[in-house]
Student: 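Okay, handing you the structure first.
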Amino acid sequence: IKYDYKYKQLYNYEYESNLKGSEVYTIQQIKGNLYLFSYLYDRKGERYSVFSSNINKENGKLSGELKEIGDFSLAGKDSYPLLSIYPGADSSDIILTLSSSFGKKEKNYIKTFDLNLKETNSTTIVSQSERELHFLYQVIPVNKNLILITETNQEYVQAGKKKKAVYKD
């Protein structure tokens, strides 16, 4: 839904028919452009796919087809993927991170894209952790050539008959 500065509704657009079975993750404005990001989580196949498209700011419709910008293998069948998407340091690029942890095994993917959603850089970090749930939390762009990686740790605690993950730090 788009409103003007006086909260008068300008348009209301549903994206379900454009999503190809994926779910909306976020809509973000980066350097004057609007982007829709969605994901498809295949738990059995241990895959996580991310899609994106520009949004026309005048009518709210997608400017083109929803494009797959990432297809990731997860750390394990019951892994918990954590996705983050945000602008780079000077908003001239888009950073996507996906962290997947299963037991003490961890996979972290970091991709950058230009404003046309063309991949410009990519890396995968696979590691073993002493803790059971260890996630890449955020990649913070300091400047064009330097990033800061922050992480979070969780552990399973007994909650009645089930175990649940809680933040440990």
Side-chain angles (χ1 to χ4, degrees), residues 1-2 11-31 33-57 59-88 91-129 132-141 147 149-154 156 162-165 167:
I1 301 174
K2 180 179 178 181
Y11 59 76
N12 185 351
Y13 190 77
E14 291 284 331
Y15 295 104
E16 281 185 30
S17 62
N18 304 94
L19 294 180
K20 302 178 185 176
S22 64
E23 295 183 41
V24 172
Y25 171 70
T26 187
I27 295 175
Q28 292 202 12
Q29 181 174 337
I30 302 173
K31 203 144 192 173
N33 300 314
L34 280 177
Y35 298 90
L36 177 134
F37 295 95
S38 66
Y39 68 93
L40 185 60
Y41 180 24
D42 177 9
R43 190 178 192 132
K44 281 187 174 180
E46 299 177 21
R47 307 295 302 171
Y48 196 92
S49 301
V50 181
F51 305 88
S52 186
S53 179
N54 288 63
I55 297 174
N56 182 319
K57 290 195 284 188
N59 60 20
K61 295 180 181 179
L62 297 183
S63 297
E65 284 289 311
L66 203 59
K67 171 184 169 183
E68 184 177 282
I69 60 171
D71 182 43
F72 308 99
S73 65
L74 300 178
K77 190 178 234 174
D78 293 324
S79 66
Y80 177 80
L82 183 63
L83 176 66
S84 296
I85 300 170
Y86 41 90
S91 294
S92 65
D93 55 1
I94 299 165
I95 299 173
L96 178 151
T97 64
L98 181 75
S99 181
S100 167
S101 183
F102 179 67
K104 294 183 179 184
K105 183 180 176 187
E106 175 186 32
K107 279 188 178 179
N108 296 299
Y109 300 95
I110 304 170
K111 289 182 174 246
T112 57
F113 300 89
D114 64 16
L115 297 178
N116 294 318
L117 300 172
K118 181 180 178 203
E119 187 176 314
T120 56
N121 204 350
S122 176
T123 190
T124 303
I125 303 167
V126 179
S127 63
Q128 297 285 343
S129 173
E132 229 175 280
L133 292 171
H134 181 82
F135 292 106
L136 177 81
Y137 181 67
Q138 191 175 20
V139 176
I140 301 167
I147 60 171
I149 297 176
T150 62
E151 298 176 330
T152 183
N153 291 301
Q154 296 178 335
Y156 285 115
K162 294 184 177 184
K163 286 186 173 184
K164 78 175 198 178
Y167 288 100

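Positions are given from 1, in the same order as the sequence printed here.
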Student: Atom OG in S53, atom CG in L62: separation rounded to 0.5 Å?
Tutor: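 Taking OG in S53 and CG in L62, the distance rounds to 4.5 Å.
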Student: With rounding to the nearest 0.5 angstrom, report the OG1 to CG distance, T120 to N116.
Tutor: 11.0 Å
Student: Could you tell me if the ring centre of Y109 sits under 6.0 Å from that of F72?
Tutor: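 So the answer is yes for these two rings.
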Student: Nearest 0.5 Å please: distance from the NZ atom of K20 over to the CD atom of E65.
Tutor: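 Nearest 0.5 Å value for the NZ-CD distance: 5.0 Å.
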Student: Could you give me the CA-CA distance, side-chain angles and deciding distance for D71 and R47, then say whether side-chain contact (heavy atoms from CB on, under 4.5 Å) is met?
Tutor: CA-CA 7 Å; D71 182 43; R47 307 295 302 171; 2.7 Å; yes
Student: When you compare the side chain of N108 with that of T123, does any pair of heavy atoms fall below 4.5 Å?
Tutor: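 Of all side-chain heavy-atom pairs linking N108 with T123, none is under 4.5 Å.
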Student: Minimum heavy-atom separation for I85 and Q28, please, with both atom names.
Tutor: O-NE2, 2.6 Å
Student: Taking the side chain as every heavy atom from C-beta outward, state whether I69 and F113 have any pair of such atoms under 4.5 Å apart.
Tutor: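 Yes, side chains in contact.
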Student: Looking at side-chain heavy atoms only, is the closest gap between S73 and E46 below 4.5 Å?
Tutor: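 In short, these two side chains do not touch, never coming nearer than 4.5 Å.
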Student: Evaluate the side-chain proximity of D93 to D114: yes if any heavy-atom separation is below 4.5 Å, no if none is.
Tutor: no
Student: Could you check whether any side-chain heavy atom of I110 comes within less than 4.5 Å of a side-chain heavy atom of L96, counting everything from C-beta outward?
Tutor: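 I110 vs L96: side chains apart.
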Student: Can you tell me how far OH of Y39 sits from CG of L19, rounded to the nearest 0.5 angstrom?
Tutor: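 OH of Y39 is found 11.0 Å from CG of L19.
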Student: Which atom names give the shortest non-hydrogen contact between S91 and K31, and what distance separates them?
Tutor: O-CD, 3.2 Å
Student: How long is the straight-line distance from CG of L66 back to CG of L36, given to the nearest 0.5 Å?
Tutor: 6.5 Å
Student: Below 30° counts as parallel, above 60° as perpendicular, anything between as tilted: where do the rings of Y48 and Y41 land?
Tutor: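 Because their plane-to-plane angle lies in the 30° to 60° range, the rings of Y48 and Y41 count as tilted.
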Student: Set out, in order, the CA-CA distance, both residues' side-chain angles and the distance that settles side-chain contact (heavy atoms from CB on, under 4.5 Å) for S122 and K111, then state yes or no.
Tutor: CA-CA 4 Å; S122 176; K111 289 182 174 246; 3.7 Å; yes
Student: Under a 4.5 Å cut-off applied to non-hydrogen side-chain atoms, are L82 and T97 in contact?
Tutor: no
Student: With sequence neighbours left out, write down each residue that passes side-chain contact (heavy atoms from CB on, under 4.5 Å) with N54, or none if nothing qualifies.
Tutor: N33, Y35, S63, L117
Student: With side-chain contact (heavy atoms from CB on, under 4.5 Å) as the test, pick out the partner of P87 among I30, I95, L115.
Tutor: I30
Student: With side chains defined as the heavy atoms from C-beta onward, is the minimum distance between F37 and I94 less than 4.5 Å?
Tutor: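 Answer yes - side chains close enough.
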Student: Give, for atom CG of L98 and atom CG of L83, the distance between the pair rounded to the nearest 0.5 Å.
Tutor: 6.0 Å
Student: Do K67 and S52 come close enough that some side-chain heavy atom pair is under 4.5 Å?
Tutor: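 The answer is no, as the side chains (C-beta and beyond) never meet within the 4.5 Å cut-off.
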